[in-house]
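Single-structure report; data block below.
Letters go in sequence order (proteins before strands), and every chain restarts at 1.
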Protein chains: 2
Amino acid sequence: MKKLVRKTKQREVIYNELCKLTSHPTADELFMIVKDKLPRVSLGTIYRNLEIMSEEGIVKKIEICGKMKRFDGNTSDHLHVKCIKCGKIEDIFLDNFDYINNFITNFVKDKTAFKIMGCDIQMSGLCSDCRNDALSFN
Amino acid sequence: MKKLVRKTKQREVIYNELCKLTSHPTADELFMIVKDKLPRVSLGTIYRNLEIMSEEGIVKKIEICGKMKRFDGNTSDHLHVKCIKCGKIEDIFLDNFDYINNFITNFVKDKTAFKIMGCDIQMSGLCSDCRNDALSFN
DNA sequence: TTTTGTGCAAACTGTTTGCATTAAG
DNA sequence: CTTAATGCAAACAGTTTGCACAAAA
């Protein structure tokens with residue numbers, strides 16, 4: 001049976017700091033931030049907790065892979081754009097997210113033997129900083 | 001200026017073997033396969049070539065991250081479903097892929113400062129093997 | 001008191017890199 | 001001949017794990 005998940009100081013701080021951010025930090029970035037409040041935390045604790053909390057569904061693991069995993073404290077439906085140049089990830093909130101979601105799921109579910117359970121949409125493009133940086137594309 | 005990309009035996013075999021597969025192999029899986037034809041290839045060569053070919057646009061790096069990068073020799077528009085249990089990735093081809101793509105892009109482009117360049121849709125769910133494996137969810 | 005979580009360091013895994021050598025153009 | 005690519009091994013980066021101790025229930 002499922003084992004008990006306890007409330008610990010570390011878990012709480014990690015969760016709160018993650019929720020404050022809209023930057024979809026990596027474990028390491030979050031580690032730096034959490035260390036300001038809990039100077040003795042270890043990176044392992046960050047990893048373990050992010051993993052546990054994403055299993056619990058209160059935190060979201062973002063599936064756009066660069067090299068590092070990224071996490072999001074906002075589990076509500078929204079999608080992400082990733083800059084192909086600098087790797088920055090930004091949220092996009094749409095009023096009709098559910099509509100789009102269903103729209104796609106409907107098309108897809110007849111085409112596969114998978115039981116479809118979720119739909120993740122990732123856009124890619126150039127963020128405002130990078131699109132202004134004319135020299136970078138040559 | 002852009003440097004010359006040569007045609008080498010290794011490159012060719014890697015590309016051909018990747019195109020034969022619909023399994024979206026990891027670099028390592030492809031390495032095993034290529035080794036049958038070129039017993040002296042190194043894993044580094046596989047990585048270097050997949051990277052180069054994805055920059056050239058003849059191979060696609062798949063952005064659903066588990067732990068390992070995956071590659072796809074089919075660069076035509078299609079989307080992927082990933083099994084949340086076993087990690088298997090399958091293709092889904094839709095006749096109206098472009099339509100869906102534009103549909104989403106249109107909604108999104110007013111909501112962000114990014115210059116939107118692409119749209120990746122990943123579905124998740126349970127593959128036929130895993131959905132029949134009743135014991136696995138308890 | 002029992003079980004889960006923590007810090008720490010060491011281990012692991014996938015990927016990248018430096019270098020001497022080989023091959024393509 | 002010049003430059004790009006290869007094989008190999010060593011380095012690297014991000015993540016996971018084992019263990020002794022601490023904290024939660």
**Report entry** Nucleic acid contacts - residues 20-44 of chain A versus DNA chain C, non-hydrogen atoms under 4.0 Å
**Finding:** Arg40(A), Val41(A), Ser42(A)
Query raised in the report: Once you round it to whole Å, what is the distance between P of dT16(D) and NZ of Lys61(A)?
Result: 8 Å
**Report entry** Protein proximity profile, nucleotides 18-25 of chain D - base contact B, sugar-phosphate-only contact S, no contact -, cut-off 4.0 Å on heavy atoms
**Finding:** B----BBS
Please tabulate, one pair per line, all N/O donor-acceptor pairs under 3.5 Å involving side-chain atoms of residues 36-46 of chain A, not counting sequence neighbours.
unit_1	atom_1	unit_2	atom_2	d
Lys37(A)	NZ	Glu17(A)	OE2	3.3
Ser42(A)	OG	Thr45(A)	N	3.4
Ser42(A)	OG	Thr45(A)	OG1	3.2

Requested in this report: Considering just the side-chain nitrogens and oxygens of Gln10(A), establish if one lies under 4.0 Å of OP1 or OP2 belonging to dG7(C).
Outcome: yes
Query raised in the report: CG of Asn16(B) to CD1 of Ile33(B): how many Å apart, nearest 0.5 Å?
Result: 12.5 Å
Query raised in the report: Can you name the residues that form a side-chain contact (heavy atoms from CB on, under 4.5 Å) with Ile58(B), not counting sequence neighbours?
Result: Tyr15(B), Met53(B)
Query raised in the report: In whole Å, what is the span from the CE atom of Met53(A) to the C1' atom of dT4(C)?
Result: 15 Å
Query raised in the report: Rounded to the nearest 0.5 Å, how far apart are CG of Asp72(B) and CD1 of Ile62(B)?
Result: 4.5 Å
Report task. Mind checking side-chain contact (heavy atoms from CB on, under 4.5 Å) for Ser54(B) and listing every partner two or more places apart, or none if nothing turns up? Result -> Glu51(B), Val59(B), Lys61(B)
**Report entry** Between C1' of dT6(C) and CD of Glu12(A), the distance in whole Å
**Finding:** 16 Å
Query - Partner set under side-chain contact (heavy atoms from CB on, under 4.5 Å) for Asn101(B), not counting sequence neighbours - result: Phe97(B), Thr105(B), Cys119(B)
**Report entry** Separation of Leu18(A) CG from Ser23(A) OG (nearest 0.5 Å)
**Finding:** 8.5 Å
Requested in this report: Quickly work out the Arg11(B) CZ to dT6(D) C1' distance and round it to whole Å.
Outcome: 10 Å
Query raised in the report: Rounded to the nearest Å, what distance is computed from the CD atom of residue Glu56(B) to the P atom of nucleotide dA4(D)?
Result: 13 Å
Report summary line: From CG of Asn49(A) across to C1' of dT4(C) the rounded distance in Å is 11 Å
Query raised in the report: So if you build clusters from Ile, Leu, Val, Met, Phe, Trp, Tyr with side-chain heavy-atom gaps below 4.5 Å, do Tyr99(B) and Met123(B) land together?
Result: yes
**Report entry** CG on Asp95(A) to CD1 on Ile100(A), rounded to 0.5 Å
**Finding:** 9.5 Å
Query raised in the report: Could you give the CD1-to-P distance, from Ile46(B) to dA9(D), as a whole number of Å?
Result: 16 Å
Requested in this report: May I have the distance from Phe71(B) (atom CZ) to dG14(C) (atom P), rounded to whole angstrom?
Outcome: 13 Å
